[in-house]
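Here's the structure, in structure tokens; my notes come after.
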There are 2 protein chains.
Amino acid sequence: MSAPSLRARVRSEMSQEIKAVARRHLATDGANLSLRAVARDMDIVASALYRYFPSRDALLTALIIDAYDAVAAAATEADSAVPRDDLRGRWLAVCRAVRTWAIANPAEYGLIYGAPVPGYAAPPDTVKPAARVILLLIDIVIDGADRLRPVKASPISAPLRADLRRLIEQRPGDVMEERLDRVLVAWTHLFGVLNFEVFGRLDDMIEARTEYFDHHMSLMADLTGLPH
Amino acid sequence: MSAPSLRARVRSEMSQEIKAVARRHLATDGANLSLRAVARDMDIVASALYRYFPSRDALLTALIIDAYDAVAAAATEADSAVPRDDLRGRWLAVCRAVRTWAIANPAEYGLIYGAPVPGYAAPPDTVKPAARVILLLIDIVIDGADRLRPVKASPISAPLRADLRRLIEQRPGDVMEERLDRVLVAWTHLFGVLNFEVFGRLDDMIEARTEYFDHHMSLMADLTGLPH
DNA sequence: ACCTATTCGAGAACACTGTTCTCGCCGAAC
DNA sequence: GTTCGGCGAGAACAGTGTTCTCGAATAGGT
């Protein structure tokens, strides 16, 4: 394994720079950013971009993967800054980290959690980074399995239970179906609130955004059985 | 008030036809549908569309308003098909109606509940139709205020409580702050699940979609205090 | 029945877009 | 030192939203 050649290094720096400029354009133009415009911003002709990304979709895909990694990184860092046995603290920290990132990068958030472009099929490279947040949430309940409060019984239908069992088998660490179910509920709610906030559905409605969010996430922690 | 002139009638029919064709294109091309393409589908030249809609954004806005009206209509119809005192039945009927519409019209759903186009500011015409679903949900708890089960206490911070009180004052029919809070939680969750399902985040994860949805909505009904 | 004013669709034009192809150029490897 | 691969420039093509002008049709008023 030799050190990366100079060529390879400047190539990677160039790709990084292109993505950075594209991210800036994302903030103003959304998903229909213009290749030619980012090329202009780099004093480069548009066709030159094709040396680094085979198409506009490929560039967007790269941005999507970066975005998934960025949320996951923010969430993971927030989680590790809290003592591992403070389950509720970790839970809230992760949720708040996701929110902070989403509010700071609304366009990138919209790119990954908004409506997908119909023609665009998410490449397989995106599914692993996309799952990291939910896996983090599951880890929290796995780590504290013995300290969790029992969830109020709520019948789960057989087919749904089968889905849950399949999910559990796919990964190391055991969880009860009911518990995983609640984690999925909380996970759904996390992004439900964030979609509403980031996409402007709370405008002229809720002013106390942070309190609103914390309150929702706290309710979800209760529902999941995280101890106080 | 005279009957609409012939001119006005064919004009409105033409607008309707344009929107219908545009809706078809929405399903395949999403929000970046092509004016020229819908014009071609109508054996019309693109500039002729400008007699009916001043811009592409205006056409999209019309589609957005129609979409809001369509969900609201589906929800309202489902609600009125259930006896008014069957609160839980009404609640589930409304949620399922929204889901059915969303799955049948994923592109239009994405248009109104996905990420907004950054440059595009939602015109005031859209805010009233947009609010109809949440108002319907609030109506359910207002209608059955005396039959609701008490919600488990969960402290609401002062600023958030102020928001809730303001919302309550804005409309006829009285609700407790705690109750409105739970309705907002349920409302958030409804669209949280739907976003995940329609936008494909449940792929390779949950097969029993209907059961999954019903289960979530049932939990939300519990949380809101709707009687069994 | 005529005249007029308004509305409509066609078509050309402009400034964009993503993408492809060809052509020089420069640096790296043999 | 020559060859080769990668890189950027530039032209080209098809397609886009939007504006403008120009005939034709048509409704309303007399």
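The chains referred to below are lettered A, B, ... by the order of the sequence lines, with proteins before strands, and numbering in each begins at 1.
What separates CE of B:M42 from P of C:dA10 is a distance of 11 Å, to the nearest Å. Rounding to whole angstrom units, CG of residue B:D43 and C1' of C:dC8 are separated by 16 Å. For B:D29 and D:dG15, the CG to P distance is 14 Å, given to the nearest whole Å. In this structure, A:L49 atom CG and D:dG10 atom C1' are separated by 14 Å, rounded to whole Å. In this structure, B:R40 atom CZ and C:dA10 atom P are separated by 14 Å, rounded to whole Å. A straight line from CZ of A:R9 to C1' of D:dC7 spans 18 Å, rounded to a whole angstrom. Between the C1' atom of D:dG15 and the CG atom of A:N32 lies a distance of 16 Å, rounded to the nearest Å.
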Task: Intermediate values then yes/no, side-chain hydrogen bond (donor to acceptor under 3.5 Å, both in side chains), A:N195 and B:Y113 - done: CA-CA 8 Å; A:N195 280 1; B:Y113 287 108; over 6 Å; no
Task: Verdict with reasoning, B:L59 to B:K19, per side chain to side chain contact (heavy atoms under 4.5 Å, CB included) - done: CA-CA 7 Å; B:L59 174 56; B:K19 287 194 290 184; 4.1 Å; yes
Task: Reading 5' to 3' through nucleotides 18-23 of chain D, protein heavy-atom contacts under 4.0 Å coded B for base, S for sugar-phosphate only, - for none - done: BBBB--
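Inter-residue side-chain proximity for B:M14 and B:R51 is flagged as unmet; no heavy-atom pair is nearer than 4.5 Å. Put simply, the side chain of A:H215 reaches to within 4.5 Å of the side chain of B:I156, judged on heavy atoms. With contacts defined as side-chain heavy-atom distances shorter than 4.5 Å, the pair B:R96/B:M217 does not qualify.
A donor-acceptor pair under 3.5 Å links the side-chain atoms of A:R179 to the main chain of A:T224, judged by distance alone.
With salt bridges taken as basic N to acidic carboxylate O contacts below 4.0 Å, none links B:D181 and B:R161. In summary, A:D139 and A:R90 do not engage in a salt bridge, as defined by a charged side-chain N under 4.0 Å from a carboxylate O. For the pair A:D29 and A:R24, the salt-bridge criterion is not met [side-chain N within less than 4.0 Å of a carboxylate O].
Close to C:dG9, at under 4.0 Å from its OP1 or OP2, lies a side-chain N or O of B:Y52. An OP1 or OP2 oxygen of C:dT7 is reached within less than 4.0 angstrom by no side-chain nitrogen or oxygen of B:R11.
Summarising the local packing, CD of B:E77 is surrounded by 12 or fewer heavy atoms from other residues, nucleotides or ligands at distances under 6.0 Å.
Picking from D:dG10, C:dT17, D:dG17 the nucleotide with the shortest atom distance to the side chain of B:S34 gives D:dG17.
Looking at residues 58-66 of chain B, you'll see that no heavy atom sits under 4.0 Å from any atom of DNA chain D.
Ring planes of B:W187 and B:F191: perpendicular class, angle over 60° (limits at 30 and 60°).
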Would you list the protein and nucleotides 26-30 of chain C atom pairs, both N or O, that sit under 3.5 Å from each other?
none

